[in-house]
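Some notes on the structure that comes next.
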Amino acid sequence: MDWLPVVKARRAESAGSHVEIRGWVRTRRDSKGGFSFLEINDGSCLGNLQVVVPASLSNYTTDVLRLSVGASAIVRGELKASPGKGQSTELAATEVVVLGLADPATYPLQKKGASLEFLRTIAHLRPRTNTFGAVSRVRNQVCASIHAFFQERGFLYVNTPIITASDCEGAGQMFRVTTLDPDKPPRLPNGTIDHSQDFFGKQTHLTVSGQLEGETLACALGRIYTFGPTFRAENSNTTRHLSEFWMVEPEVAFFQLEDNMDLAEAFLRRLATDALNNCQEDIDFFVERVDPHVRTTLTALAEQPFARISYTEAVAKLEASGEAFEHPVKWGIDLQSEHERWLTEKHVGRPAIVHDYPKEIKAFYMRLSDDGRTVRAMDVLAPRVGEIIGGSQREERLPVLEERMRASGLEPEAYSWYLDLRRYGTVPHAGFGLGLERAVQMITGMTNIRDVIPFPRAPRLADF
RNA sequence: UCCCUUGUAGCUCAGCGGUAGAGCAGCCGGCUGUUAACCGGCGGGUCGUAGGUUCGAAUCCUACCGGGGGAGCCA
């Protein structure tokens, strides 16, 4: 007798086979007509398998009638075409083995929906809900698509370090990594902490980006991508920030900004297309329960070209919009959330790539344009989610890069290995970073980023 | 970190100055090829915590703690 996942057992063509199902009870409905209905879910799909259990089973009263939401069981029997509505097959049980009961008086999940806020407090049981199951399957699809997309294009998957000694990677606050005793760290004569006695003999942190290391690999292997955990110690309390998140960072030698934009657009389009094709049932669920526009948005993402607009044009459009923005628009300012939202949601109504930003508001490594005022940066803005990709063509000219570092208050000496890439065989290159969780938000319509990762890490939040 | 908002039964919420409520869940009974099943009954709360105002506080005020939303930072 084959152990069949529910996703296969639910297909009409499986009717007639004798199978075994292993999973968790979602509901039980008793009929005095001499049987009970169980719905079993095993995570293989959103839908449950309806099991018809006859009261004639020897353990019907002792075991089956004690099954409640959350209990685990193995059921064997014959799959039949279902006469009822809502499913094409059902399992006529000949044997039910209870593995673990779930006391309904204390089990926190029930048939009726719980709020996302409450589910966050029970992150260990949250995967058993429809919503989180659907999110998990879509997240898995997105990860699979990421690898497929880059592998098909000849990109090498490379791994950059999680613990880094780069003192300042330029992207905000970092988490310190140390084995020193915080109560009595070794000190130098002048009273400051002696980091030479720390585990790595120097100060180290969790990475905020694999980009700089990624560039070294791209400047040898051509096209690479990293995909791993990333850490930001910013005190951000929003629906789109995490302290620990997953980031995809492709980096390509001989690419210019236009190539980079083409890549980013094809990449996001692929994520949308694969989700639409391979997660239909889950997307249906999001349309019904989370955001009725999810499918429309995804289809537009998959089919329509993104709008491309330079920062300078964007500012002109914003100034001419007649909107009363809380933060006034002026060339040189960083675009605020309200501006990005107006651009994507009202002005173009789809994802937009804003490119060529003023150098003052962007990082030192972005390539300076001939105008001397802007750098070859790009942000991909998605409706609702905001910035989903940030990237640039990198500054490959040594003197220009050194000058930009000094202007940013950085010591070029501290980045000697990074500068070596420009010193020896420099090439133009470009890359970007995609926040995995933001991509999953965009695809599922989930509004809070803490609901698209199993165990969210955020300020004051490191439970489980 | 700032602004707004919120904390009442296991869950979702109502009550907003006069003796704590509903739906769901749970327990008991009934009914049923059911599918967020249905019908009847029962149990269940130091109203986030600590102060204050008042004859009287879940309700008004203050502080603290937790949740949510928005802003900044960014992916």
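In this text the structure is predicted, and so the values were computed from the model without any measurement. Note on naming: letters A, B, ... go to the chains in the order of the sequence lines (proteins, then strands), and numbering restarts at 1 for each one.
Candidate nucleotides C73(B), G72(B), G26(B) were compared by shortest atom distance to the side chain of His327(A), and G72(B) ranks first. Considering only side-chain atoms of Asn448(A), the nucleotide from C74(B), G33(B), G69(B) that sits closest is G69(B). The listed nucleotides are A75(B), A71(B), G68(B); the one nearest the side chain of Leu242(A) is A75(B). Which of G70(B), G68(B), C74(B) sits closest to the side chain of Thr239(A) comes down to G70(B). For Ser31(A), whose side chain is taken as the heavy atoms from C-beta onward, the closest listed nucleotide among G69(B), A37(B), G33(B) is G33(B). Picking from C24(B), C73(B), U35(B) the nucleotide with the shortest atom distance to the side chain of Glu39(A) gives U35(B). Picking from G66(B), U34(B), A75(B) the nucleotide with the shortest atom distance to the side chain of Gln50(A) gives U34(B). Side-chain proximity of Glu90(A) to G33(B), G72(B), G68(B): nearest is G33(B). When the nucleotides C74(B), C11(B), G26(B) are ranked by their closest atom to the side chain of His241(A), C74(B) comes out on top. Residue Phe118(A) has its side chain nearest to C11(B) when only G33(B), A71(B), C11(B) are considered.
Residue-nucleotide stacking is present for Phe245(A) and A75(B), judged by a side-chain ring centre under 5.5 Å from the six-membered base ring centre and planes under 30° apart.
Atom C1' of nucleotide A25(B) and atom CG of Asp103(A) are separated by 12 Å, given to the nearest angstrom. Taking atom CD1 on Ile389(A) and atom P on C74(B), their separation rounds to 17 Å, with Å as the unit. Protein atom CZ of Phe227(A) is 12 Å distant from nucleotide atom C1' of A75(B), rounded to whole Å. Ile122(A) has its CD1 atom 16 Å from the P atom of G67(B), to the nearest Å. Counting to the nearest Å, the P atom of G10(B) and the CG atom of Leu125(A) are 17 Å from each other. When the P atom of A36(B) is taken as reference, atom CG of Asn41(A) falls 15 Å away, rounded to whole Å. One can place CD of Glu387(A) at 14 Å from C1' of G72(B), the figure rounded to the nearest angstrom. Atom-to-atom, CZ of Arg66(A) to P of G26(B) comes out at 15 Å; the value is rounded to the nearest Å.
Ring planes of His339(A) and His327(A): perpendicular class, angle over 60° (limits at 30 and 60°). The aromatic rings of Trp246(A) and Phe227(A) sit perpendicular, their planes meeting at an angle over 60°, well past the 30° parallel limit. Ring pair Phe364(A)/Tyr418(A) is perpendicular by interplanar angle, where above 60° counts as perpendicular and below 30° as parallel. The aromatic rings of Trp331(A) and Tyr311(A) lie perpendicular to each other, with more than 60° between the two planes, well past the 30° mark.
Dashed line: the shortest gap from a side-chain N or O of Asn235(A) to OP1 or OP2 of G72(B) is not under 4.0 Å. OP1 or OP2 of G68(B) sits under 4.0 Å from a side-chain N or O of Arg120(A). Close to A71(B), at under 4.0 Å from its OP1 or OP2, lies a side-chain N or O of Arg240(A). For Arg450(A) and G67(B), the shortest distance from a side-chain N or O to OP1 or OP2 is not below 4.0 Å. For the OP1/OP2 pair of U35(B) and a distance below 4.0 Å, the side-chain nitrogens and oxygens of Arg29(A) include no atom meeting the criterion.
Contacts between residues 9-23 of chain A and RNA chain B, defined by a heavy-atom separation under 4.0 Å, are absent. Within residues 76-87 of chain A, the residues approached by RNA chain B to less than 4.0 Å at the level of any non-hydrogen atom are Ser82(A), Pro83(A), Gly84(A), Lys85(A), Gln87(A), in residue-number order.
Using a 4.0 Å heavy-atom cutoff across all strands shown, Ile388(A) reaches sugar-phosphate atoms only and no base atom.
When the P atom is used for both G52(B) and A57(B), the distance is 12 Å, rounded to whole Å. For the C1' atoms, the distance linking C13(B) with G56(B) amounts to 27 Å, nearest Å. Look at the P atom in both G69(B) and A63(B): the space between them is 24 Å, to the nearest Å. The separation of G40(B) from U32(B), taken at their C1' atoms, amounts to 15 Å, rounded to a whole angstrom. Rounded to whole Å, the P atom of G43(B) lies 13 Å from the corresponding atom of G21(B). Nucleotides A75(B) and U5(B) are separated by 32 Å at their P atoms, to the nearest Å. Between U8(B) and G23(B), the distance separating the two C1' atoms is 15 Å to the nearest Å. Taking atom C1' on both A14(B) and A22(B), the two are 7 Å apart, rounded to the nearest angstrom.
Under the Watson-Crick or G-U wobble criterion, with both distances below 3.5 Å, A20(B) is left unpaired in every strand shown. Under the Watson-Crick or G-U wobble criterion, with both distances below 3.5 Å, G56(B) has no partner in any strand shown. Using the Watson-Crick or G-U wobble rule with both distances under 3.5 Å, C27(B) pairs with G41(B). Here A71(B) sits opposite U1(B) as a Watson-Crick or G-U wobble pair (both hydrogen-bonding atom distances under 3.5 Å). Nucleotide G7(B) forms a Watson-Crick or G-U wobble pair with C65(B), both donor-acceptor distances falling under 3.5 Å.
A donor-acceptor contact under 3.5 angstrom links the side-chain atoms of Asn237(A) to the base of U1(B). Judged by distance alone, with hydrogens and angles left aside, Glu234(A) brings no side-chain donor or acceptor close enough to the base of G72(B) to form a pair under 3.5 Å. The base of C73(B) lies close enough to the side chain of Ser236(A) for a donor and an acceptor atom to sit less than 3.5 Å apart.
Under a cutoff of 6.0 Å and an axis angle of 45°, Arg153(A) and Phe149(A) form a cation-pi pair.
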Give the B/S/- string for nucleotides 38-48 of chain B, one per nucleotide from 5' to 3', where a protein heavy atom under 4.0 Å of the base yields B, of only the sugar-phosphate yields S, and otherwise -. -----------
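Applying the ring-ring contact (aromatic ring centres under 6.0 Å, His included) criterion to His347(A), with sequence neighbours excluded, gives Trp342(A). For Ser68(A), there are no side-chain hydrogen bond (donor to acceptor under 3.5 Å, both in side chains) partners at least two apart in sequence or on another chain.
Screening residues 236-252 of chain A for salt bridge (Lys or Arg N to Asp or Glu O under 4.0 Å) gives Glu251(A)-Arg394(A) as the qualifying pairs, with residues at least two apart or on separate chains.
Ring-centre distance between Phe35(A) and Phe37(A): below the 6.0 Å cut-off.
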